[in-house]
Amino acid sequence: MPPDPLVPMSSPDLTDLERQAVARVLQTPNLSMGEEIQSFEAAFRQHTGWKHAIGVNSGTAGLHLCVRAVGVSEDDLVITTPFSFVASANVLLFERAVPVFVDVDPITGNLDPQGLLQAVTEIGNGGEAGKAWLPRTGYNGSGKLKAILPVDVFGQPADYDPIRKVAQEHGLVIIEDACEALGAEYKGRKAGTLGDLGVYAFYPNKQITTGEGGLIVTDDDQAATLMRALRNQGRAPGDTWLQHTHLGYNYRLDEMSAALGRVQMSRLDELITRRERVADWYNQRIAEIPGVESPQLATPTTRASWFVYVARFAPGIDRDRVAGALGELGIPARPYFLPIHLQPYMVERFGYQEGDFPVTEDLGRRGLALPFSGIMSEAQVDQVCRALVQALKAN
Ligand SMILES: *Cc1c(COP(=O)(O)O)cnc(C)c1O
């Protein structure tokens, strides 16, 4: 049995304010659809300047509602990235739509706008070049390209100006997966508002947490009305409790979670600043370790919002062996990401193969997330980096 980790992989940053807010909800009879979710949503309207904020019970649920709201359905094509957490592609499969993967930028790991332009153009032209973008199996060729779903990985927004240009020219909707990027900014604009609909997530390792939870922002009135209905078992405005205009879901965020989130949101700047400080400590130390690179920020990223700290190893270093050695030293670490197209169910359905998205696969082989949270101390960062040096020697 490996020893208990000396430093946790991640930790929420909570104070008595959060604890009291949750306890206060429990003094009332309103545990769902009360004032707390309204305040939580208001905080996001203020944060983004957008008209609509819709709290849901996970980031995945939020992305799924966006996919439904923009009318993506069976066999439709949506361009997205294979270098992400699986949920960003899974929500397309929920609707029997087909993800069209485009490889990523080797520095940021975000959707490559050049590749996107090429994919959209070639798919639009049809023929062999267009077909090469589509999966080998699991697609009958009848669908239409409908949307782009970029992901702001590790807390850094994708490059939206060229992405929006492609979207506008081809009439595609942009769903921004900002589940790792709350508080980040692209050319001074907030992550979550860089497409047409944006989604945040609040699992305990994210910048703010509600336990489980997510939230959608948009300026689109019609999409917002539909998503509010779908979140609440398909009840449209005017429906009674047992009338359901649409096939909906129970994607509601409860009051305890919303209260927790409301307080966390009021601390957003502090939470992000603390994470930034921990990332800086890592950056300083990683710079001194040969064979290991710290994460790089692109110029348009005017503020990164650190989600995880993913160190990248030089080619030739066996990442998994280093991770194993770290584990024996009591330091947890995680490969980030295992490419989506190579997950077993994706291979089975769409016939993807190793080599299909080489940049994603290369990053996936060389990236290792180190323990990270806003409440880590400098001594803990030191401890992790010393262990890393030792683990690399064993390699
Ligand atoms: C966390 C995350 C989600 C959503 O996660 P939930 O666990 O459903 O809240 C979606 N996409 C990405 C990229 C994520 O990191």
- In sequence, state the C-alpha distance, the side-chain angles, and the governing distance for Glu276 and Arg303, and then conclude on salt bridge (charged side-chain N to carboxylate O under 4.0 Å, His left out). CA-CA 10 Å; Glu276 230 157 28; Arg303 183 165 200 189; 3.2 Å; yes
- Query: Any idea how Phe44 and His47 line up, ring-wise: parallel (<30°), tilted (30 to 60°), or perpendicular (>60°)?
  - Reply: perpendicular
- Item | Other residues, nucleotides, ligands: >12 heavy atoms within 6.0 Å of Gln46 CD | no
- Message: Just checking Phe357 against His341, ring centres under 6.0 Å apart?
- Response: yes
- Does a side-chain heavy-atom distance below 4.5 Å link Asn140 with Asp75? yes
- Query: Got more than 12 heavy atoms from elsewhere within 6.0 Å of CD, Glu74?
  - Reply: yes
- Item | NE2 on His170 to CD1 on Ile148, rounded to 0.5 Å | 9.5 Å
- Message: When you compare the side chains of Asp159 and Tyr186, does any donor N or O come within less than 3.5 Å of an acceptor on the partner?
- Response: yes
- Taking every heavy atom of Glu176 against every heavy atom of Tyr160, the minimum-distance pair comes out as CG-OH, 3.1 Å
- Run the side-chain contact (heavy atoms from CB on, under 4.5 Å) check on Leu134 and Val100 step by step: do they pass? CA-CA 6 Å; Leu134 304 175; Val100 176; 3.9 Å; yes
- Answer yes or no: are there more than 12 heavy-atom neighbours, outside Tyr203 itself, under 6.0 Å from its atom OH? no
Side-chain atoms of residues 380-388: list all donor-acceptor pairs with protein atoms under 3.5 Å, sequence neighbours left out, distances to 0.1 Å.
{"residue": "Gln380", "atom": "OE1", "partner": "Ser377", "partner atom": "N", "Å": "3.0"}
{"residue": "Asp382", "atom": "OD1", "partner": "Arg285", "partner atom": "NE", "Å": "2.6"}

- Item | Donor + acceptor pair across side chains of Ser32, Asp254 (<3.5 Å) | no
- Message: Given the ring of Trp241, does Arg235 sit roughly above its face, with NZ or CZ under 6.0 Å from the centre of the six-membered ring and within 45° of the axis?
- Response: yes
- Strictly under 6.0 Å, is that where the ring centroids of Phe101 and Tyr352 end up? yes
- Enter the distance from Glu328:CD to Gln390:CD here, rounded to the nearest 0.5 Å. 11.0 Å
- Message: Using 0.5 Å steps for rounding, measure from the OG1 atom of Thr15 to the CD1 atom of Ile375.
- Response: 11.5 Å
- Would you check, one step at a time, whether the test salt bridge (charged side-chain N to carboxylate O under 4.0 Å, His left out) holds for Arg189 with Asp161? CA-CA 11 Å; Arg189 311 198 302 266; Asp161 281 351; 3.1 Å; yes
- Message: Quick check: is Trp281 connected to Leu326 through a chain of hydrophobic side chains (ILVMFWY, heavy atoms under 4.5 Å apart)?
- Response: yes
- Taking NZ, NE, NH1 and NH2 as the nitrogens, is one of them in Arg136 or Asp356 under 4.0 Å from a carboxylate oxygen of the other? yes
- Query: What heavy-atom pair brings Ser305 and Leu182 nearest, and what distance separates the two atoms?
  - Reply: OG-O, 2.6 Å
- Task: Run the salt-bridge test on Arg267 and Glu18 with the 4.0 Å N-O cut-off and return the result as yes or no.
- Result: yes
- Message: Tell me the closest heavy-atom pair linking Thr360 and Pro82, and the distance in Å.
- Response: OG1-CG, 3.4 Å
- Separation between CD1 (Ile37) and CD1 (Ile54), nearest 0.5 Å, reads 9.5 Å
- Would the number of heavy atoms belonging to other residues, nucleotides or ligands and lying under 6.0 Å from CD of Gln222 be above 12? no
- Identify whether NZ of Lys or CZ of Arg in Lys206 sits under 6.0 Å from the centre of the six-membered ring of Phe307 and within 45° of that ring's axis. yes
- Message: Tell me which pairs pass ring-ring contact (aromatic ring centres under 6.0 Å, His included) where either residue lies in residues 65-85, with sequence neighbours left out.
- Response: Phe83-Phe154, Phe83-Phe337
- Over all heavy atoms of both residues, which pair between Val359 and Asp103 is shortest? Give the atoms and the distance, please. N-OD2, 2.9 Å
- Nearest heavy-atom neighbours spanning Glu41 and Gly55: OE2-N, 2.8 Å
- Arg96, CZ: over 12 other non-hydrogen atoms inside 6.0 angstrom: no
- Item | Lys146 vs Asp76, salt bridge (charged side-chain N to carboxylate O under 4.0 Å, His left out): CA-CA, chis, key distance, verdict | CA-CA 7 Å; Lys146 284 245 174 96; Asp76 282 340; 2.5 Å; yes
- Query: If you look at every heavy atom in Asp152 and Glu180, which pair is closest and at what distance?
  - Reply: O-CB, 3.6 Å
- Message: Are there over 12 heavy-atom neighbours, none belonging to Lys165, within less than 6.0 Å of that residue's NZ?
- Response: no
- Task: Could you grab the distance from atom CG of Leu230 to atom CG of Asn250, nearest 0.5 Å is fine?
- Result: 12.5 Å
- Candidate pair Val72 and Leu77, rule side-chain contact (heavy atoms from CB on, under 4.5 Å), full reasoning: CA-CA 8 Å; Val72 165; Leu77 305 174; over 6 Å; no
